[in-house]
Structures are given as structure tokens and as C-alpha cells.
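Residue numbers start from 1 in every chain, and the chains themselves are labelled A, B, ... in the order their sequence lines are given, proteins ahead of strands.
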Amino acid sequence: MPLGDTIVAWASPAGGSARALVRASGPACPGLLQRCFTPAPKGRGAVPSRFALADGLELPVLLLRMVAPASYTGEESFEVLLPGNPELVRRVLDRLTSEPGVRHAGPGEFSARALLNERLTLEQAEGVLALILARRDDELDAARRLLDGRTGDRYRDWSERLATLLALVESGIDFTDQEDVVAIDPATLRERIAGLIGEIEGLAGGAGGREAGREMPRVVLVGAPNAGKSTLFNALLGRRRSVASPTPGTTRDVIEEPLHLEHEGLADAPVLLADLPGLDAPRDGVGRAAQDAARAAIADADLLVWCDPAGRFEAGPVAAPAGARTIRVRTKADLPGAPADAVSICALDGWNLGALRRAIADGVASNAPSALAAVAPRHARSLADALDRLREARRAADTPELVAVALRSALDAFDDLAGRVSPDQVLGRIFSAFCVGK
Amino acid sequence: MSAQRYQVIVIGGGHAGVEAAWAAANLLPEPRAVALVTLDPSTIGVMSCNPAIGGLAKGQLVREIDAMGGLMGLAADATGIQFRVLNRSKGEAVRGPRAQCDKHLYARAVRTLVASRPEIDVIAGAVQRLIVERGRVVGAEAESRRTRDPLVLLASAVVLTTGTFMRGLMHTGESRTPGGRYGEEAATGISAALRDLGFELGRLKTGTPPRLARASIRWDDLPPQFGDDPPTPFSDLTPARSEAPVADPLGAWADNGFVPPAFPLMPQVECRQTHTTAAAHTRIRANLHRAPMFSGQIESVGPRYCPSIEDKVVRFAQRETHGVFLEPESLTDDWVYCNGISTSLPADVQDDLVRLMPGCERATILRYGYAVEYDMVRPHQIHATGRTKPVEGLFLAGQINGTSGYEEAAAQGLVAGINAARHALGAGEFVLGRDQAYIGVLMDDLVTKTPVEPYRMFTSRAEHRLLLRPDNAADRLTPIADGLGLLRSTRLGERRRDLFRRRRSLLERLRAAIDAARVEGEPLALAARRPGFDAHALRAALPDLAPHVPDAAAWATALADRRYEPFVERQCAEVRRHAELEHRRLPADADYAGFTALRAEARQALARFRPATFGQALRLEGMTPADLTLLAVLLRTPPPQRRPGDRLAGAPRGGGPDRPPH
């Protein structure tokens with residue numbers, strides 16, 4: 001409960017209604033007003049305004065601004081009255097919390113701030129207290145109704161496995177002077193992290209489970225050497241960023257660039273487009289490093305674009321990570337007979353590139369928020385946090401102290417869902433698994 | 001009977017006591033400002049167990065103590081006979097510098113350091129009672145060990161460091177001997193005195209392995225383990241390797257202002273490896289009923305991370321062998337420490353256990369292993385400054401707070417010594433945060449956790465471990481130590497400040513160069529993040545600068561800063577997010593039992609620990625973030641006002657949470 005943050009919350013009852021109310025309080029409020037609303041009121045008062053959503057849509061709203069200390073919390077704050085569509089409310093909250101120092105409020109936190117800033121009397125506080133307790137019970141009941149008991153079991157199972165994984169990494173750091181301790185090897189570690197990511201994505205939804213604005217969906221071009229990936233990469237970007245040549249194996253490193261896609265009605269948040277070295281047997285040390293980088297990028301992908309000039313798409317180069325879709329693209333399209341589910345393009349003259357851009361946008365958008373996000377946004381947020389940290393852990397699997405930090409953060413994300421696992425409990429797992437002690 | 005007046009009294013001359021006296025002397029530069037009372041002045045600085053300093057996570061503590069002007073690193077550098085950096089193959093954040101020291105020379109080095117300070121008055125005495133008036137300590141009553149006369153020592157601040165001596169009881173098999181260390185008697189009066197003052201005491205156990213005569217071991221037939229070449233010192237004051245021959249090394253060290261004229265100063269030795277055998281395990285199993293740990297003779301809890309050999313044989317029954325390191329304890333005597341077989345088995349079983357190890361068939365045991373049980377004060381009764389909650393002016397440090405290890409003890413001694421001196425001066429409290437130092441993690445863990453075993457530091461206890469690296473200890477802590485005045489009263493302090501100024505300007509040059517350079521078209525700052533990019537590669541990438549910055553430590557820090565940058569930035573953001581929680585104080589007189597709206601578990605935790613801040617409260621077992629929100633509502637605490645000295649006002653925060661350490 002850091003009090004220096006700015007907090008936002010959906011203050012009206014959950015579900016559809018004619019009007020919904022979003023509340024914000026904290027030092028970032030004046031900045032939020034400036035950046036998200038046109039016009040923004042200069043002082044205290046109510047004005048009709050427009051809220052800029054991430055995709056350029058403007059939402060008509062009624063805005064009430066309160067200036068510190070003359071507000072409920074005693075801080076800078078505002079309230080937004082907007083059309084009562086849960087999806088719109090969610091996107092407004094996403095937009096607000098994408099700003100630095102802004103987060104979702106904890107239960108009763110507006111009132112706690114009011115009290116700390118001496119805006120409420122003790123008697124009022126007792127009323128608030130009753131309310132907070134009621135809300136916590138409500139939440140628990142709601143969670144119980146919305147999620148059957150097995151969901152909780154799954155949280156505990158994930159938390160348990162994360163703690164074990166962390167213990168294995170920590171033992172390779174804190175007990176390397178012990179003869180009995182064998183550190184987990186990076187490949188096994190990566191595999192087990194990937195397993196957890198896949199399962200959590202299954203519940204939380206793939207990219208959609210991720211907090212808006214935090215990370216761009218990753219779209220990765222894959223295929224054999226000289227399949228035309230770099231040419232396609234440059235064509236999609238509309239400029240020459242990757243060196244394309246007829247020599248197979250020209251691309252030696254992963255190159256990433258943001259790509260903007262137009263798509264009717266759906267979020268046009270940019271995607272991160274990655275060009276990879278072609279996947280084949282490494283010839284030398286440099287080649288092996290490039291291959292490893294390529295595999296790591298594929299493991300992190302939300303969408304694969306599989307390029308094959310022959311249009312045969314035999315034996316996928318590398319298994320796509322769980323939750324990621326694959327679009328098949330027949331590059332260098334001058335032969336007939338491409339399969340029906342592939343997009344044929346010619347990157348050199350731009351033929352059919354528009355269709356591919358739409359397919360990519362559809363592919364990313366189909367990773368939409370899951371049912372969990374709708375019924376239990378708090379759970380979805382925690383799982384999204386855990387997923388972000390797990391992906392980071394997978395990328396850092398070769399560096400124990402970094403993977404430990406990422407796994408610890410992922411485990412922390414389960415605090416509210418499965419109970420806290422303290423560092424001492426992690427150490428306890430090490431002592432029970434290994435004979436430690438010189 | 002005349003009363004002697006001091007500003008600070010330190011009771012106990014172990015690793016906590018000497019560090020406390022040293023830090024207090026640094027802040028109170030007047031003759032005889034600090035009394036150091038010990039049962040036997042000739043045992044000051046003795047290494048009771050393994051003659052090694054540092055190791056994983058402990059090495060970080062030694063680096064931090066050194067960065068704050070402490071003495072442990074100085075003594076270890078002067079007397080190390082094997083230096084090794086553990087986890088050398090891993091990143092800077094988790095490397096653990098370690099040294100095996102000559103145990104006689106180490107203790108002598110510590111005694112020489114203490115004797116060099118006119119501020120410290122060493123007194124041979126057995127403390128019987130603390131003099132407490134209206135809840136404030138005003139002194140201690142002791143019996144002189146020379147004259148048997150009663151002594152009255154007066155001071156407004158007392159640091160109590162009893163180690164394993166408080167009602168110490170040693171066990172070897174069925175035999176029990178009162179005492180805190182082999183051949184030394186226990187401190188008996190102080191436990192009762194503390195109980196009378198209302199303290200809740202606990203009892204812990206620790207153990208030590210047998211020591212062998214080297215001449216009786218087939219030493220050369222066993223596989224060796226060598227130290228690093230070149231070795232890495234602990235102290236920032238110790239110069240890089242040099243080879244100047246030294247006739248009387250320790251004398252030359254003292255003459256040189258306690259900076260080694262050459263490093264390593266002592267001849268370096270190697271260890272040998274052997275192992276226990278299935279036959280020995282069988283013998284141990286057959287004699288478990290005679291082992292105090294299993295017969296019920298010892299009821300207190302020992303550490304899980306340092307189990308006795310009988311513990312290992314029981315808990316890991318499938319293993320037929322356990323590794324043992326044979327470590328020379330001294331250059332001048334024959335003693336060898338058996339790292340790995342701490343035990344309190346009867347002597348005849350220890351004989352068999354040892355003689356069944358390869359190479360030790362005819363080994364002579366010079367001292368049998370033993371376990372020692374001792375009283376501790378449950379640490380929920382102290383603040384993170386080391387000061388006790390029930391008695392004003394009384395500070396505890398070391399094993400009395402339930403920790404184990406020389407380094408953990410010294411770290412607490414430093415904190416308690418600083419705070420005792422500040423208390424005597426009427427200055428505010430000094431606390432290091434979890435984001436500033438392992439020392440801060442240690443103190444915070446002590447005051448928020450219920451110890452179930454002797455507490456030992458591990459890097460995994462530090463959530464900000466990428467910030468708290470051994471290489472940047474000076475960047476984090478030397479400015480703070482300087483702000484406190486720890487480096488202003490001695491030539492050592494001046495030297496440290498000069499070296500730090502130089503390091504800072506070197507680092508600035510290096511960082512600027514790194515940010516400007518590119519390798520193969522890629523910014524160097526990014527290339528440095530790739531796995532396998534080491535200090536050597538960094539030097540190669542900056543060929544113009546390399547000859548001008550010879551200091552390897554600066555290169556290591558510059559590289560680590562860049563390597564960890566994205567993670568460190570997030571950790572710093574996290575620290576900033578929680579800063580207000582950490583600083584917002586809880587009232588000392590809150591009636592937690594009356595807060596019936598809180599869950600019973602949270603209420604009990606708050607009432608027992610009486611945390612100083614909201615941050616500490618959240619770390620108590622049984623507290624949830626929702627509990628804390630309720631607590632904030634219930635307490636209606638006013639907005640935070642940083643009290644001067646709460647975290648020392650104006651003290652630079654080094655690589656703390658205000659910004660990434662650059």
C-alpha cells in the first residue's frame with residue numbers, strides 16, 4: 001500500500017449500466033487530466049470532456065475535478081462519468097494505469113487516504129471499516145462463485161512449482177560451495193518455465209492477459225535460411241532495416257522493430273516485429289549464438305509468421321510456444337500450388353502485403369482477454385504480472401542471479417492468489433532437498 | 001569502590017564486541033571514551049570455530065563492514081592464508097569473497113587494532129549486573145578478573161555481546177561442561193540479570209568439528225584445493241597484489257597504519273579434500289543413542305544449513321559419503337580444521353569417524369568436536385538499531401540476538417556501536433534499509449522474523465540483491481559512513497575517503513566512456529549485457545582508457561552496473577514505490593490488542609514485534625497488505641515526517657533507492 005502512488009478504481013457497481021464511474025486520487029492526477037482529457041479543467045469543477053483511448057477513439061465523458069486538499073481523500077483527484085460498458089471502463093482503466101505511478105486501488109484505499117489526510121473523523125472511519133470488511137467478504141464470495149475451487153488449486157500448484165524452481169536456482173547461487181548441490185541447468189530451467197507459462201496462459205489468455213501498454217505483442221518471422229524473411233521484414237516496415245541478400249544466412253542476429261498495423265475497430269497497438277537468422281545446423285560459434293538467440297525469440301513470440309518460398313510448410317522449424325498462433329506465408333510467390341491456408345505474397349513488389357498485415361492484426365487481436373479477465377480482473381492482473389516475469393525469467397535463464405530475481409517477482413505475483421512464500425520458506429526447500437553443511 | 005565513567009560500554013570481546021567498540025571509538029574520538037569489558041583480554045578476536053572470514057553472502061557483509069570503516073576486513077586481509085572468491089563464474093552480485101586466516105594471527109591483528117585506539121579501554125572483568133534506573137541503563141557492575149574487586153562502570157549506552165557464553169554448556173557425547181568455548185568458562189550472572197529486566201530468553205545450539213594434527217595426516221596423498229591466484233582482498237584499503245618480501249609481516253602491517261605493505265601478506269597454503277565413509281556412517285548410526293542431539297541431552301535447535309555429521313547421516317541416509325575439507329588453521333601450528341563433520345558424538349566415535357576417512361587413518365585428534373548450547377534474547381525485543389525495546393540505552397549484538405557467524409556478529413556490532421555512540425551523543429537513530437545493505441537486511445530480518453534456528457545470511461534473503469553487490473559496497477556505504485563521521489577521526493578513515501574520491505572519479509570516466517563507445521555497431525552499454533561479456537572484453541572495447549584505469553574493481557563495477565541495468569532500474573522503481581511505507585513510522589505506544597477489527601493473527605504479530613514502521617509491519621509473519629490498510633485507517637497516523645537521524649538526514653544514500661547506482 002505505497003501511499004505516494006496515484007490510485008484509480010471502477011467506483012460504480014460492476015456489470016453493465018447506463019453510466020459508470022471511475023475515480024482517481026493522488027499526485028499524478030493533474031498530469032493524467034492533461035494527457036487523457038480534452039479539454040481538461042484548470043481548477044475545481046465539472047466539465048463535459050473527451051477521453052482519448054489508446055486507439056485514437058475519443059469517448060465523451062463528464063469530468064469532475066477536485067483540487068487538494070478539498071477532495072474526499074484530501075489529494076488531487078477526479079471522477080469520470082462515462083457510458084456504462086464494462087469493456088470501455090476496462091480500457092479507460094488500462095489507459096490510466098499505463099501512466100507511471102498510477103495503479104489500481106486496493107480495497108478501501110480511497111477511504112484510508114481520506115483518513116490519513118484527516119478528511120474523515122474516527123466515527124466516519126469506523127463506518128468505512130465496516131464497509132471495507134464487507135467488501136472483502138463480498139470479494140471472497142464473488143471469487144468463490146465465479147471461480148470454482150479448482151482455480152484456487154491451480155494457483156497453489158503454480159505457486160508451489162514456482163517456489164521449487166526458485167529453490168533450485170537459489171541453491172545454485174547460495175550453496176555452490178556444497179558438494180551435494182547441483183544447480184539446475186539452463187535448458188531444463190527454460191523448459192520448466194515454459195511449461196508454467198503455457199499453463200498460466202491457458203487460463204489467463206495469451207497476450208491478452210498482459211497489462212495494456214506494458215509490452216508489445218511479439219511477431220516473429222521464422223523459416224529456413226534464405227526463405228525471404230529479411231525482404232519481408234523490410235517490406236512490412238516500409239524501409240530497409242535488415243540486410244537482405246541472396247546468400248543464405250545473411251542475417252546473424254535477431255532484429256526487432258515496432259510495426260504499426262491498421263485494423264478496423266480493434267486496438268492498433270503496435271506489434272514488435274522480429275527478423276531472425278534462418279534455422280539450420282550451426283556451422284560455427286557465431287552461428288550457434290545466432291541460433292540460440294533465434295530460439296529464444298521464438299519461445300517469446302505471440303505470433304509466428306512462417307515463411308516458405310516453396311509453400312510446403314513441412315516439419316515446423318521449431319515448435320511454437322503455447323498460446324502463440326502461426327500464419328503461413330508463401331514468400332517469393334511465382335509458383336502455383338500454395339496451400340489454401342497460406343498467404344502468398346511477393347515482398348519485392350508488395351503484392352498481397354495488405355492481406356498479410358490484416359492477418360497479423362487478426363492474429364494478435366485474437367489473443368483477446370480471457371473470461372477470467374472479465375470475471376476476476378484482480379486475478380487476471382496478478383497472472384499477467386506473473387506471466388511477464390516468467391517470460392523475463394525464460395530470457396535470462398543462463399544468468400542465475402537474474403533468473404532468480406524474475407522468478408521471485410513471479411512468485412510475489414501469486415501472493416494474493418495462493419499465499420505468500422517467504423525467502424525463508426524457499427531456503428527450507430533447499431535444506432530439505434540437499435545435504436547442505438560443511 | 002570507585003566508579004569509572006565512559007560514554008559507551010561494550011561487554012564482550014568477540015567479533016560483535018570489537019566491531020562495536022571500534023565503530024564507537026570512531027565516533028567518540030576521546031581517550032577512554034569506550035570500555036571494552038571481557039572475561040579474558042587475551043581471547044579478544046578469537047575464531048571459535050572455522051578460521052575463515054567471508055564466503056557466500058557473508059563476504060558481502062565483510063565488504064560492507066569495511067566500506068563503513070570497520071575492522072574485520074583489515075584483520076582478514078592481513079592474516080589470510082588462502083583467499084578464494086566463491087561463485088566467481090557467476091555475476092558480480094552473487095560472488096562471495098572468502099579468506100581462511102591464520103587463527104592466531106587474526107586474533108592478534110584484532111588485538112593490535114583495538115590496542116591502537118586510545119579511545120578504547122580494555123577491562124578484564126566478569127559483568128554481573130546491568131545498572132538500570134527508571135528503564136534506562138546507566139552502567140554495569142563487574143568483578144575484576146585481576147584483583148577480584150568489584151568494578152562499577154558508568155555509561156548511558158551499553159552494548160551487550162555475549163556470544164555463546166551466556167549459560168554456555170558444551171557437549172561431547174555424554175559429557176557436559178559449562179563454558180562458552182573450549183577451556184573458557186561461561187557467563188552465568190547475565191542471563192538472570194536480563195530475565196529480571198523482563199527479557200524473554202531463548203536457547204540455541206551450535207557445533208564445531210574435531211581438529212586434527214597435520215603431521216598425523218597423509219597430507220600429500222589427498223587432493224589439494226588451492227586459493228585464487230592472484231587473491232582478492234576484502235578491504236578497499238588493501239593494495240592490489242604486490243610481492244615485497246616482509247620479515248615481520250604483522251609488525252610491518254601495524255607500522256604501515258594497518259594497510260598491508262604487500263598482498264597477500266602471509267604465505268598462502270592449500271587445503272586438502274577427503275570424505276566420510278559408509279563404515280563410519282554405520283558406526284555413527286550404532287551410537288546415535290549417545291549423541292546429545294538425539295539422546296535428548298540437547299533440546300535447543302541448531303542450524304539447518306550447518307548440520308552435524310550425525311544429523312546428515314540420519315537425514316540423508318541414502319548417502320554413503322560426505323565431503324570433508326581439511327583446512328590448516330595456522331602457519332605456525334599443526335592444527336587442521338575438519339570442515340564438514342561438526343559433531344558432538346562421544347570421543348571414541350569421533351576417533352573412528354576420523355580414522356575411517358581416507359588419508360586420516362592414523363590421524364591424531366587435537367581437540368574433539370563439541371556442541372554448545374547458549375542463551376539468547378529473542379530479537380523481537382530489539383529495534384533495527386540493536387537497541388532493546390524494554391531498556392533505554394541497552395544494545396545487543398551478535399549471537400545473543402540468535403544469529404550465527406563471525407560476519408553476522410560483526411555487522412550487528414557495527415550497527416550497535418554506531419547507535420550506542422549516537423545515543424551517548426544525543427544524536428538520532430541510524431538504520432540501514434534493506435535496499436542499502438545486507439547489514440540492513442540482517443537487522444530487518446531480526447526484528448521482523450521469529451528465529452527457528454541460528455540466523456545466517458544468504459544472498460536469497462536480499463530482495464534487492466542486484467543492488468547490494470560486493471563490488472559496489474563502497475559506493476553504497478562509504479558516503480553514509482562519512483556522513484556519520486566514522487571516517488573523520490583516524491588516518492585509516494582519511495585514507496578511505498581519499499581512495500573513495502579517486503574511485504568515484506575513475507568510475508565517472510569509465511561510465512562516460514562506456515556510454516559513448518560502440519562495438520561492431522552496437523552501443524557498448526548494450527553489448528555489455530550479453531552473457532559472457534566480461535571485464536576483459538570491456539577493457540578490450542576501451543583500449544584507450546584501459547591503461548589509465550588500472551583499478552580492476554572500478555572496471556568490475558562499471559560492467560556490473562551496465563549488465564544489471566534493466567533489472568536494477570525496476571528494483572529501484574520498486575524501492576521508490578515502497579519508500580513512503582518504509583519511512584512512515586508506527587506509534588511506539590499503539591494498543592494493538594485493542595484493534596479488534598484486525599484479524600487475530602495480525603493483532604498478535606503487531607503486539608509481539610511492535611514494528612517501528614509500516615514497512616516492518618508488512619514483513620511480519622501473519623500480516624497481509626489488507627491488514628496494513630486497516631491498520632493505517634485505525635491508527636490515523638499523521639503524514640510522514642522524517643525525524644532527523646531516522647535515516648540520517650542529509651546523509652548521501654549512495655546507490656540507494658533514489659536513483660540507480662551510477
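Ion pairing of A/Glu401 with B/Arg469 is absent here, as no side-chain N (NZ or NE/NH1/NH2) approaches a carboxylate O to less than 4.0 Å. A salt bridge is absent between A/Asp174 and B/Arg456; no separation between the charged side-chain nitrogens and carboxylate oxygens falls under 4.0 Å.
Contact record, A/Val405 with B/Phe567: CG1-CD2, 4.2 Å, taken as the closest heavy-atom pair. In this structure, B/Tyr564 and A/Leu402 approach most closely via the heavy-atom pair CD2-CD2, 3.5 Å. Closest non-hydrogen pair, B/Asn87 versus A/Ile173, comes out as ND2-O, 2.8 Å. Among all heavy-atom pairs drawn from B/Arg304 and A/Gly428, the shortest one is NH1-CA, 3.3 Å. Minimum interatomic distance between B/Ser460 and A/Pro423 (heavy atoms only, all atoms of both residues): O-CB, 3.8 Å.
Counting non-hydrogen atoms of other residues, nucleotides and ligands closer than 6.0 Å to CD of B/Glu320 gives a total of 12 or fewer.
Heavy atoms of B/Glu621 lying under 4.5 Å from chain A are absent altogether. Looking at B/Arg619, neither its backbone nor its side chain comes within 4.5 Å of chain A, counting heavy atoms on both sides. Looking at A/Glu170, the atoms closer than 4.5 Å to chain B (heavy atoms on both sides) all sit in the side chain, from C-beta outward. For B/Phe458, the parts sitting under 4.5 Å from any heavy atom of chain A are the backbone and the side chain alike.
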Step-by-step side chain to side chain contact (heavy atoms under 4.5 Å, CB included) determination, A/Asp412 to B/Glu463: CA-CA 11 Å; A/Asp412 288 344; B/Glu463 62 273 42; over 6 Å; no
Side chain to side chain contact (heavy atoms under 4.5 Å, CB included) assessment of B/Arg570 paired with A/Glu392: CA-CA 12 Å; B/Arg570 209 177 50 240; A/Glu392 188 176 79; 2.6 Å; yes
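A/Asp424 is listed as a side-chain neighbour of B/Arg461, based on a closest heavy-atom distance under 4.5 Å.
The structure places CG of B/Leu86 at 12.5 Å from CZ of A/Phe175, a figure rounded to the nearest 0.5 Å. Atoms OG1 and CZ, on A/Thr399 and B/Arg530 in that order, are 12.5 Å from each other to the nearest 0.5 Å.
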